[in-house]
2 protein chains.
Amino acid sequence: MNVQRSLQEPERRLVTLSDVAREAGVGESTVSRVLRNQGSFSKATQDRVAEAVARLGYVPNRLAGMLAGSGSTAGAKLVGIVIPSLTNIVFPDLLRGATAVLDRGGFQSVIGVSDYDPEREEALIGALLSWRPAGLIVTGLEHTPGALARLRASGIRIVEMIDTDGAGLDIVVGFSNRAVGCDSARHLLERGYRRIGYVGHDITQDLRAAKRLAGFCETLQEAGCPLAEREIASGPSSAAAGREALARLVARRPDLDAVYFSNDDMALGGYFHCLTDGIAVPGRLALFGFNALDIAAALPQPLTTIRTPRLEIGAAAAERLAADGPAETVDLGYELIAGATA
Amino acid sequence: MNVQRSLQEPERRLVTLSDVAREAGVGESTVSRVLRNQGSFSKATQDRVAEAVARLGYVPNRLAGMLAGSGSTAGAKLVGIVIPSLTNIVFPDLLRGATAVLDRGGFQSVIGVSDYDPEREEALIGALLSWRPAGLIVTGLEHTPGALARLRASGIRIVEMIDTDGAGLDIVVGFSNRAVGCDSARHLLERGYRRIGYVGHDITQDLRAAKRLAGFCETLQEAGCPLAEREIASGPSSAAAGREALARLVARRPDLDAVYFSNDDMALGGYFHCLTDGIAVPGRLALFGFNALDIAAALPQPLTTIRTPRLEIGAAAAERLAADGPAETVDLGYELIAGATA
DNA sequence: ACAGATGTTGGCAGCGCTGCCAATCTGATT
DNA sequence: AATCAGATTGGCAGCGCTGCCAACATCTGT
């Protein structure tokens, strides 16, 4: 009850496990066992420890615990997660899916955001590795040589999320962006659209979008109906960028009858442009997005788009990380949402 | 160059600092100094250490470093951040602002997401405290008694973000949600709207929205023009929820001339309902949001809303955490964006 | 009554690193 | 040549906890 001392002492020493042991009149290892609910101890001991903990306001020191426990079976219950951005809802969703599973398994997760910068990703991987995590979840298959080397050398479980178009290091969970592009093209072709354009954002930043576009173009090509025109907005994807880019595109090519967007953010902006300029959708111009944002379904005309299993990917990544199965690629697929815009 | 051993040994031991010391032919402390670029050492030594590190593929163990360094000046360069959600863009923005500053200061951040659950927040605070962080950034001023007790007992710097309407523990950075509500009401009143309704989401989850509404209602009341009607959607805010809720509201009260939304997500849904049903905005019905989402500015009619300095709040929170100034409340204000919908 | 299970407990050596201090070396100063 | 400040270095004791092992205590069945 007396916390006065904190006012006097220059550096109040924090309560440690051995303080608790002394207070409870038991050994340190006993306290440790009780706190981790591991091994055996009597009910009486448990109560005395619990009391002592409460009385002293003891907070275990995870740093020490993980250090001491490292190298053994229990090991560090910790995983690192690297994502490129937090502003695109895709990544928070992946995070939610992963942390839900991880939390349940008693894992702590440490997150790094690379801002789509490969160099920064490499640095983050180094930083996260220095936490000695049980595993690492990263985004995409493309990494700097340095990052790849570190990941390989780490000897821990690595999960690469989202993209299955290419070779992974260990475990890969996602879907084929390339196939998404193909299916999107097929959908437009089936509906009779022939003068098809593309509106995207800076593709050097977003390799997955590039893969979708590649699949899209290829399918159009095979159908003898190549992509008519493309308009790339500089900078990251956003509704504003999509709106402006579509405006430029239709100004240049008024004959287009359908536009494929790099994602729903861009497509929403495109849709708003059509509303503003009185371009009939899909009569005059069809719009096709990617990601199935919640908001895209609430538009006056629900957007035609692709739903990706983001939470499921995050969850599957986390599950694979905890289990120790073989290296494998898990394709969770996607779903074409036939809205009212294409 | 030979990594064969990993194939033989059951548990390959990780390279440690003393391995590096041996390889470089120097003492452990020397390696430590070089790696942290602290204290003095010759260029020659530095090079030899760097080589040894590269040759061995050494990755420092942060866990050990922080444990050993704890209690001293350098201490743990670590902060914990607790936010209620990742799906509402507000929080990723706060995070971005904070981590940008924190990274620059050499801090690592560990993030916890409470899902708007106070109990879960308390648990997260406990978990983060066990990392022995230099400080903690939490969201809002309302916490469970248990959480408050832990925060107080921790003895570390605490920053509460976003909300300045109430008493904080230590440092508070944000703006007055109440004032936002008042200003929003004033704007509508000035423009001549008199039959004003409210569309919100589950307010028990979002205390800040409740404060805005309180300020809003009070100002209307003072103007002798009380809130005419309100419609609350269950669950979290979303465009779909806003759309449906507004539909219900106008069905019940077709006489309303303006609607205040709990935030832009909801307002966007409301706007879409108006487009769908041919309700003229703002002629027949004015719409007012909150948060100034990017997408709200790209609508055919830019949404009238409130821009909040999210990045700045995160950054200011991080700065205050690192510095050790006095406890204070920092009001970063907000900006009314007069769009075309109200 | 006694060996052998089973349950409970404490001691102590690390985990890998940093802080502190003493040792050594360098060059400049007297 | 002696002295000294400053630069450079290594040794070692922890940081707070967990894993391992030995020491008991208690309970079986014969």
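Not measured: the values here are computed from a predicted model. Labels below follow one simple rule: chain letters A, B, ... track the order of the sequence lines, proteins then strands, and each chain is numbered from 1. These numbers come from the heavy atoms of this one structure, side chains and all, not from hydrogens, waters or symmetry mates.
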(message) If the threshold is 4.0 Å, N to carboxylate O, is there a salt bridge linking R157(B) and D170(B)?
(response) yes
Which pairs, protein N/O on one side and nucleotides 22-27 of chain C N/O on the other, fall under 3.5 Å?
none

(message) Could you measure the distance from the CZ atom of F91(A) to the CE atom of M161(A)? Nearest 0.5 Å is fine.
(response) 8.0 Å
(request) Verify side-chain contact (heavy atoms from CB on, under 4.5 Å) between V159(B) and V138(B), making sure each step is shown before the conclusion. (result) CA-CA 6 Å; V159(B) 181; V138(B) 299; over 6 Å; no
(message) Is it the case that the side chain of N88(B) and the backbone of V90(B) share a donor-acceptor pair, with hydrogens and angles ignored and the cut-off at 3.5 Å?
(response) yes
(request) Check the distance between dC15(C)'s C1' and L67(A)'s CG and give it to me in whole angstrom. (result) 4 Å
(request) Pick base, sugar-phosphate or nothing for S42(A), based on heavy-atom distances below 4.0 Å to the nucleic acid. (result) sugar-phosphate
(request) Tell me which nucleotide among dT9(D), dC17(C), dT9(C) gets nearest to the side chain of T45(A). (result) dT9(C)
(message) What is the distance, to the nearest angstrom, from the CG atom on L17(A) to the P atom on dG16(D)?
(response) 11 Å
(message) What residues from residues 27-36 of chain A pass a heavy-atom cutoff of under 4.0 Å to DNA chain C?
(response) G27(A), S29(A), T30(A), R33(A)
(request) Mark yes or no for whether T45(A), through its side chain, and F41(A), through its backbone, hold a donor-acceptor pair below 3.5 Å. (result) no
(message) Has R310(B) got a side-chain atom pairing as donor or acceptor with D93(B)'s backbone, closer than 3.5 angstrom?
(response) no
(message) Using a 3.5 Å distance criterion without hydrogens, assess whether the side chain of T139(B) forms a donor-acceptor pair with backbone atoms of V82(B).
(response) yes
(message) Would you say Q38(A) places a side-chain N or O within less than 4.0 Å of OP1 or OP2 belonging to dT18(D)?
(response) no
(request) Supply the atom-to-atom distance R55(B) CZ to E23(B) CD, rounded to the nearest 0.5 angstrom. (result) 4.0 Å
(message) Looking at A134(B), is its backbone amide N or carbonyl O close enough to the side chain of K77(B) to form a donor-acceptor pair, meaning the two atoms are under 3.5 Å apart?
(response) no
(request) Please confirm whether the backbone N or O of T16(B) pairs with a side-chain atom of D19(B), one donor and one acceptor, at under 3.5 Å? (result) yes
(request) Could you state the atom-to-atom distance from CG of L63(B) to C1' of dG14(C) in whole Å? (result) 15 Å
(request) Mind calculating the distance between CZ (R62(A)) and P (dG16(C)) to the nearest angstrom? (result) 20 Å
(request) Output yes when a side-chain donor or acceptor of T144(A) lies under 3.5 Å from a complementary backbone atom of A147(A), and no otherwise. (result) yes
(request) Report the distance from atom CG of L78(A) to atom C1' of dT18(D), rounded to the nearest whole Å. (result) 16 Å
(request) Can you tell me the distance, in whole Å, between the CG atom of D19(B) and the C1' atom of dC17(C)? (result) 13 Å
(message) Can you tell me how far apart CG (L151(B)) and CD1 (I158(B)) are? Round to the nearest 0.5 Å.
(response) 4.5 Å
(request) Measure from NZ on K43(A) to C1' on dT9(C) and round the result to the nearest Å. (result) 18 Å
(request) Measure the distance from CZ on R22(A) to C1' on dC17(D) and round it to the nearest whole Å. (result) 15 Å
(message) Using a heavy-atom cut-off of 4.0 Å across all strands, would you classify S40(A) as base, sugar-phosphate, or nothing?
(response) base
Tabulated below should be each protein N or O lying under 3.5 Å from an N or O of nucleotides 23-28 of chain D; please produce it.
none

